[in-house]
Amino acid sequence: MEKVDRCLVQGGWEKEDDDGPSYVKNGPGGAVYSLGLCVSLRESWVLFLPALGVAFPEVGNLYDQFFGSSSRRSDGGGSPSVASSLVEILGSKPSAPISHDRWMIWKGENFSPKVDLLCADIEFAETRFLAKFRNIDDVANFLEGMELDFSQNCHLALIQALQGRMGEAVVSLGDCVRKLEDSPLVAEQAWRFIDSFIEYFSVKRESVPFLGVG
C-alpha cells in the first residue's frame, strides 16, 4: 500500500483518516473528488476494486443533513452526487474489455507494474470522467440523461431546487416517493429526507406527485 499511497499523493490525492483506503482531491468549481480502493485480501492475492465519486458541498451536505446522517465526510463535500466504479469508467475506453482482475496482484508477483497501471487508470478516470463535472449544472445534465436509483433521484431533486428549478425538483422528489416501494428497507430514512426537503424548500406537500402513498 505504501507504493499506492505514494503514487496517488503525487497525483494530488490526499489520504483520509478512516478504516479503509480512501482519498480525496479538490476539483474545479468547488467539486470534491473521492476515491475508494476497496481492497480484497486473500492468502494468495490482493485485489483493488476502485470507485470514484464527485461531490459538491452545497448538495452533498444537504443530502446528508436531510437523511439525518450522524457523521460528515472529512473532506467537507458530503455524499457524492455521481459515483462509479473504475471498471465502469474504463468501459468507455477504446480497448479490450476491462475486468476487475486488471488490478489483482498475486503473491510473489512484482507488484510495481500493477500499481503503476492502477494509478494510470485512476488518472485516466479523473481526466475523462471526474473532470466533466465542473459544477452542479454538469451533474444535473448527467443525471437527467440516465435512469436513476432512489439516491440519485434525491441528489437530482436537490440540485434542481438549488438551481431555482423548483417545479422540476418537485417532480424529481415525487420520483423519490414512487421509488420507495422498491426500497422498503430505507423507508424511514427516505421519508426523513422527503419531509426535510419539503420543509427546507417550503414545498407544498400536495404538489409532490405520489406523496399520497406515504
For the residue pair [X] and [Y], what are the closest heavy atoms and their distance?
X	Y	result
Arg42	Ser40	NH1-OG, 3.5 Å
Leu118	Pro50	CD1-CG, 3.6 Å
Cys176	Phe150	O-CE1, 3.2 Å
Leu86	Ala125	CD1-CB, 3.5 Å
Phe56	Phe133	CZ-O, 3.5 Å

* Cluster link Leu35 to Val9, ILVMFWY, side chain under 4.5 Å -> no
For the residue pair [X] and [Y], establish whether any side-chain heavy-atom pair is separated by less than 4.5 Å.
X	Y	answer
Leu148	Lys179	yes
Val115	Trp103	no
Ile89	Ser85	no
Tyr23	Ser34	no
Trp191	Val177	yes
Val4	Phe48	yes
Tyr33	Leu52	no
Pro209	Arg178	no

Nearest-0.5 Å distance, [atom1] of residue [X] to [atom2] of residue [Y]:
X	Y	atom1	atom2	result
Ile105	Ser44	CD1	OG	12.5 Å
Ile159	Asp137	CD1	CG	9.0 Å
Leu117	Phe111	CG	CZ	14.5 Å
Gln152	Asp175	CD	CG	12.0 Å
Leu62	Cys154	CG	SG	12.0 Å
Ile194	Gln189	CD1	CD	12.0 Å

* Asked: Hey, mind stepping through Val208 and Arg205 against side chain to side chain contact (heavy atoms under 4.5 Å, CB included) and telling me if it holds?
  -> CA-CA 6 Å; Val208 182; Arg205 297 186 69 87; 5.7 Å; no
When you measure from the side chain of [X] to the backbone of [Y], do you find a donor-acceptor pair of N or O atoms at a distance under 3.5 Å?
X	Y	result
Asn135	Asp138	yes
His155	Pro80	yes
Glu199	Ser196	no
Asp64	Ser79	yes
Thr127	Glu123	yes

* Hey, is CD on Glu2 packed in by over 12 heavy atoms from elsewhere, all under 6.0 Å? ->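 Count not over threshold, so no.
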* Can you tell me if CD on Glu14 sees more than 12 non-hydrogen neighbours from other groups inside 6.0 Å? ->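 No, CD of Glu14 has 12 or fewer neighbouring heavy atoms, counting only those of other groups under 6.0 Å.
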* side chain to side chain contact (heavy atoms under 4.5 Å, CB included) between Glu58 and Ile136: does it pass, once the steps are laid out? -> CA-CA 9 Å; Glu58 63 267 42; Ile136 63 172; 3.6 Å; yes
* Report yes or no: do Ser81 and Tyr63 form a side-chain donor-acceptor pair below 3.5 Å? => no
* Asked: Using a distance-only test with no angle check, is there a side-chain donor-acceptor pair under 3.5 angstrom linking Asp5 and Trp13?
  -> no
* Of all residues at least two apart in sequence or in a different chain, which pass the ring pair (Phe, Tyr, Trp, His ring centres under 6.0 Å) check with Phe197? -> Phe201
* To do: Output all residues satisfying ring pair (Phe, Tyr, Trp, His ring centres under 6.0 Å) with Tyr200, sequence neighbours left out; order by chain, then residue number.
  => Phe66
* Partner set under side-chain hydrogen bond (donor to acceptor under 3.5 Å, both in side chains) for Arg192, not counting sequence neighbours ->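 So Arg192 forms no side-chain hydrogen bond (donor to acceptor under 3.5 Å, both in side chains) with any residue.
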* **disulfide (SG to SG under 2.5 Å) between Cys7 and Cys119, worked out** => CA-CA 7 Å; Cys7 177; Cys119 291; 2.1 Å; yes
* Could you give me the CA-CA distance, side-chain angles and deciding distance for Lys114 and Asp101, then say whether salt bridge (Lys or Arg N to Asp or Glu O under 4.0 Å) is met? => CA-CA 10 Å; Lys114 287 291 181 71; Asp101 61 7; over 6 Å; no
* Could you pull out all residues at least two apart from Lys132 that satisfy salt bridge (charged side-chain N to carboxylate O under 4.0 Å, His left out)? =>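 Per chain and number, Lys132 pairs via salt bridge (charged side-chain N to carboxylate O under 4.0 Å, His left out) with no residue.
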* **side chain to side chain contact (heavy atoms under 4.5 Å, CB included) assessment of Val87 paired with Arg102** => CA-CA 9 Å; Val87 165; Arg102 180 179 178 86; over 6 Å; no
* Asked: So which residues get pulled into Met104's cluster when ILVMFWY side chains under 4.5 Å apart are joined, directly or through others?
  ->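 Traced through the cluster, Met104 reaches Trp45, Leu47, Leu49, Trp106.
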Show me, pair by pair, the donor-acceptor contacts under 3.5 angstrom made by side chains of residues 165-172, not counting sequence neighbours?
from, atom 1, to, atom 2, distance (Å)
Arg165, NE, Glu168, OE1, 2.9
Arg165, NH1, Glu144, OE2, 3.3
Arg165, NH1, Gln163, OE1, 2.6
Arg165, NH2, Glu144, OE2, 2.5
Arg165, NH2, Glu168, OE2, 2.8
Ser172, OG, Gln160, OE1, 2.7
Ser172, OG, Glu168, O, 3.3

